[in-house]
Amino acid sequence: MSGADRKEDEVRRMLEAQHPAVPADLAARAAVHGGRLLRRHRAVRRLTWLILVAAAVAFAVWASVAEPWVAPPSDMTPPLEGW
């Protein structure tokens with residue numbers, strides 16, 4: 001018997017066997033669980049956006065105060081010519 005035949009026979013035995021009983025409140029519990037997961041995902045998404053916006057604001061404030069695009073002052077004076 002090949003592997004495919006053995007698997008097919010196994011599936012047929014499983015389908016012919018008596019099905020287990022399903023709890024009556026399964027759909028309600030699944031809906032409650034799904035709602036909880038959606039609220040959790042929504043909260044995580046909002047928190048992520050809040051952190052991203054806070055980081056962008058902090059960077060903008062730092063950049064406006066530190067002005068990293070301005071060249072630092074020179075430590076050496078230029079040579080005097082024409083004296």
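Values in this document were obtained by computation on a predicted structure and should not be read as measured data.
- Salt bridge Glu10/Arg6: absent, no basic N to carboxylate O contact under 4.0 Å.
- Closest non-hydrogen pair, Leu26 versus Val22, comes out as CD2-CG1, 3.4 Å.
- For His33, the side-chain contact (heavy atoms from CB on, under 4.5 Å) partners at least two apart in sequence or on another chain are Arg36, Leu37.
- Within a 6.0 Å radius of CZ in Arg12, other residues, nucleotides and ligands contribute 12 heavy atoms or fewer.
- Between atom NE2 of residue His19 and atom CE of residue Met14 there is a gap of 10.0 Å, rounded to the nearest 0.5 Å.
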Quiz: residues 50-67 side-chain donor-acceptor pairs under 3.5 angstrom, not counting sequence neighbours:
residue, atom, partner, partner atom, Å
Ser64, OG, Ala60, O, 3.3
Ser64, OG, Val61, O, 2.8

